[in-house]
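Data first, discussion second: the structure below is written as structure tokens.
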Amino acid sequence: MFFENLDYYILGEVVTVIVSVLLCYNVFASFSPYERRHRLFMYACVGCCLAAFFDIISVFTNTYHTQVSQGLSLFVSTMFYVFLLIVPVAMSGYALELAYAYREKTHPLYPLIWIIYIFYLIVLVVNIFTGIVFSTDAVKGYSYGPWKNITYILALFYMALIEIVICTHKKNMATRMFMSMILYPVIALLVLSFQFFFPKILLTGASSLAALLLAYMTIQSDMLEFDLITGLMTEHKLEKHVQLKTHSGVLYVFSIDNIQTIQNNMNASDLNTLLLFIGREFTKRFERRCYHISINRYAAIADTREDVEKYSAEIYEVIEKMNSDISAYKLPVPIDFYTVAVEYAKGNKSYNNVIDIVNSLLTKAKRSGRRNLLFCDESVLLDMERKRLIFQILKRELTFESHQYQVWYQPIYSVKENKFVYMEALSRLNGTELGDISPAEFVQVAETKGLIEKLGQVAFEKICKFIADNRNLVNAVSVNFSVYQMTNPNIVDLVLKTIAKFGLNPNNIIMEITESIFIDNYELVYKNMVELANAGVKFYLDDFGTGYSNLANVVKLPFSTVKMDRSLVLAMEESAKNVTLFRNLVSTFRDAELEILVEGIETQNQNYLVTKAGADYIQGYLYSRPLPPDQCLELLKLKK
């Protein structure tokens, strides 16, 4: 009887409260509250929940107005109006955040929507004393005032604002988000229009909830399967597409090689605009089968090779146009990119195999400097098979006892002492079923397949054993250490324990590292270097002159010697200016109490130039090629 006496049907609003409470919880759990647009969506959900709640309570207070205090009835109805407009206000702000995400400053419309809402709140306060919007009476109950439609007029204003903002800034957002925001006011009005024809059925809160649910489902769907920045599907969707494909297709991949440089020198909003622009160029051509699989890689699926060749040429022209006028696109540098394509057959279920081919193609394209589309051919497949075999050989041979994985040595000549004083250790993989495999090949395979640390550890043990067995001839050996080894938190213990295991002193070991190691791991590598240097290990800076080196770091870090790259030697042969530059470098390092080792010396002229420039040590084919351990020892005996 209690509910039967109500003047309105409230089931829709009850459902709205329950569902909106669940929606609020999920929004809070799913989205970052530190992003303003997510906070705005949260405000809209809370406003919807509270508006429906107070709408239900107001039905009871107005139905039983003779039994409820006028003050309570007025308060409940006022709260309903307060929260009812929160939803379109917050969603207007959400639309502005989507449309103007590239702006560094707040858009002028953003404070305006809240100013209007504050004016509306003032009207509601005035209404308490004047009844211009509504009034409650112990006898008459609830009745409308002359401004009864102000809430709906302002709601329509906000909805119109959403439509205008979204339509005029479509290019700044992903297509799915654009459609969701366009439909938001439409859904709300459709539900409200139902209430217009059936006024006894309350759907005010339900209209907001229906629109919010559409937006929420779109956002959640995008978070799972779509990249919100580019509007393209994620790699997970690409993997499912390839694995579930019922007919053959062609996978096209566009890779930005210098994305790190672009990212480091571009503000976030401009970078997002760039990524969205490229994503739109993909969707113009490949339509719905486009993917953003990493920060620097875009992918698309086509049915034929001819389609890929056509669309790739068009995308190539777009990027080249951007590169010809980088200031217009706010690019810090031209985009360095490579494009490859792989055909896959019906029933091919291995996505990983396809991606392995893509990676090999990109490596080949980068090595050749080829930007035009590179298709998978027989040579790529043969190269992949060779790398697979090298990986198997490495897994088998990376042991201390192996005779196929060897360490050779190249003596280092001291200009001052006129003899060989040190030697550099160099890994070799010889006598395998594939013959002798070059270090460039097997080291790359070890890096990509996760064997590089094991390779380094096995090599280090062999080197320590070699020094221990030949103490009378071998004073110290320099060993190349990779970024993978130097960023290992246990590297200090591993090195010192291995040295102690073979009864050596730390000063028998010279660790060669390139300065590129410090790019992303400066603090950790610096800490490890200092600990090892304090224990007695020496450090050489390898490959100075290849583009990474920073003089301030060279002086700050515990290096004893700088190893000049062969490219600087070749440059000296080209001009007297380069000779002067080299000598100035040597003088600078001498002032910092660093010694100079020059590598790659092959002719008497090169030897003369570096000797006159003041080099302390020389390494190169002119003095000796890398030799097996026994031959290197014989050379040391002859030159002793």
* Asked: Are Glu317 and Lys321 close enough for a salt bridge, meaning some N to O gap below 4.0 Å?
  -> no
* With ring centroids as reference points, do Phe277 and Tyr329 lie under 6.0 angstrom apart? -> yes
* To do: Answer yes or no: is there a donor N or O on one side and an acceptor on the other, between the side chain of Asn258 and the main chain of Asp336, under 3.5 Å?
  => yes
* Structure fact -> Of all heavy-atom pairs linking Ala302 and Asp307, the shortest is CB-CB, 4.1 Å
* To do: Look up atom CD1 in Ile116 and atom CG in Leu121, then write down how far apart they are to the nearest 0.5 Å.
  => 12.5 Å
* Asked: So which of Tyr311, Phe337, Tyr252 actually passes ring-ring contact (aromatic ring centres under 6.0 Å, His included) with Tyr316?
  -> Phe337
* Asked: Is there a donor-acceptor pair under 3.5 Å between the side chain of Asn265 and the backbone N or O of Thr261?
  -> yes
* Asked: Val308 versus Leu373: any side-chain heavy-atom pair under 4.5 Å?
  -> yes
* Asked: So, is the end of the Arg297 side chain (NZ or CZ) under 6.0 Å from the ring centre of Phe254 and within 45° of the ring's axis?
  -> no
* **Beyond-backbone contact of His292 with Thr234, side-chain heavy atoms, under 4.5 angstrom** => no
* **Approximate separation, where rounding is to 0.5 Å, of Ile153 CD1 and Leu85 CG** => 11.5 Å
* To do: Find the distance between CD1 (Ile278) and CD1 (Ile315) and round it off to the nearest 0.5 Å.
  => 9.5 Å
* Sub-4.5 Å side-chain heavy-atom contact between Val253 and Thr339 -> no
* **Test item: side-chain donor near acceptor, Ser58 and Ser77, under 3.5 Å** => no
* Are Lys148 and Val133 side-chain neighbours, meaning at least one heavy-atom pair lies under 4.5 Å? -> no
* Would you mind reporting whether Leu50 and Met79 have side-chain heavy atoms less than 4.5 Å apart? => no
* To do: Using side-chain contact (heavy atoms from CB on, under 4.5 Å) as the criterion, point out the one residue from Leu361, Ile357, Asn359 that pairs with Val340.
  => Leu361
* Dump the intermediate steps for side chain to side chain contact (heavy atoms under 4.5 Å, CB included) on Val82 and Phe54, then the final yes or no. => CA-CA 10 Å; Val82 167; Phe54 282 108; over 6 Å; no
* Go through Tyr117 and Tyr158 one step at a time and tell me if the side chain to side chain contact (heavy atoms under 4.5 Å, CB included) criterion holds. => CA-CA 10 Å; Tyr117 181 68; Tyr158 285 120; 3.9 Å; yes
* SB check Lys310 Glu306 (cutoff 4.0 Å) -> no
* To do: Decide side chain to side chain contact (heavy atoms under 4.5 Å, CB included) for Val250 and Val342; before the verdict, give the C-alpha distance in whole Å, the side-chain angles of both, and the deciding distance to 0.1 Å.
  => CA-CA 6 Å; Val250 184; Val342 179; over 6 Å; no
* What pair of heavy atoms forms the shortest contact from Leu276 to Thr230, and how long is it? -> CD1-O, 3.7 Å
* Going by atom types alone, do Ser327 and Asp325 pair a side-chain donor with an acceptor below 3.5 Å? -> yes
* Asked: Is a donor on one side and an acceptor on the other found under 3.5 Å between the side chain of Asn296 and the backbone of Ile256?
  -> yes
* **Leu374 side chain near Tyr338 side chain, heavy-atom distance below 4.5 Å** => no
* Can you tell me if Asp270 uses its side chain to pair, donor with acceptor, with the backbone of Lys330 under 3.5 Å? -> no
* Asked: What pair of heavy atoms forms the shortest contact from Pro146 to Gly131, and how long is it?
  -> CD-O, 4.2 Å
* Structure fact -> One should read off an interatomic distance between Met233 CE and Glu239 CD, to the nearest 0.5 angstrom, of 14.0 Å
* Are the charged groups of Asp303 and Arg289 less than 4.0 angstrom apart, N to O? -> yes
* **Main-chain N/O of Gln260 paired with Asn264 side-chain donor or acceptor, under 3.5 Å** => yes
* Side chains of Ser255 and Tyr298: donor-acceptor distance under 3.5 Å anywhere? -> no
* Asked: Counting N and O atoms only, with roles assigned by atom type, does the side chain of Glu235 sit under 3.5 Å from a partner on the main chain of Ser294, one being a donor and the other an acceptor?
  -> no
* Asked: If you measure from CG on Leu271 to CE on Met266, what distance do you get to the nearest 0.5 Å?
  -> 6.0 Å
* To do: Check whether any side-chain heavy atom of Ile162 lies under 4.5 Å from a side-chain heavy atom of Met91, and answer yes or no.
  => yes
* **Shortest non-hydrogen contact from Phe119 toward Ile150** => CE2-CD1, 4.5 Å
* Asked: Do the rings of Tyr81 and Phe134 sit parallel, tilted or perpendicular, given the 30° and 60° boundaries?
  -> parallel
* Asked: With side chains defined as the heavy atoms from C-beta onward, is the minimum distance between Val333 and Ile262 less than 4.5 Å?
  -> yes
* Under 3.5 Å donor-acceptor, Ser312 side chain and Glu309 backbone -> no
* Dump the intermediate steps for side chain to side chain contact (heavy atoms under 4.5 Å, CB included) on Leu251 and Ile301, then the final yes or no. => CA-CA 5 Å; Leu251 174 63; Ile301 296 290; 3.8 Å; yes
* What are the two closest non-hydrogen atoms of Ala95 and Ile166, and how far apart are they? -> CB-CD1, 3.9 Å
* Asked: Rounded to the nearest 0.5 Å, how far does CD1 of Ile132 lie from OH of Tyr144?
  -> 15.5 Å
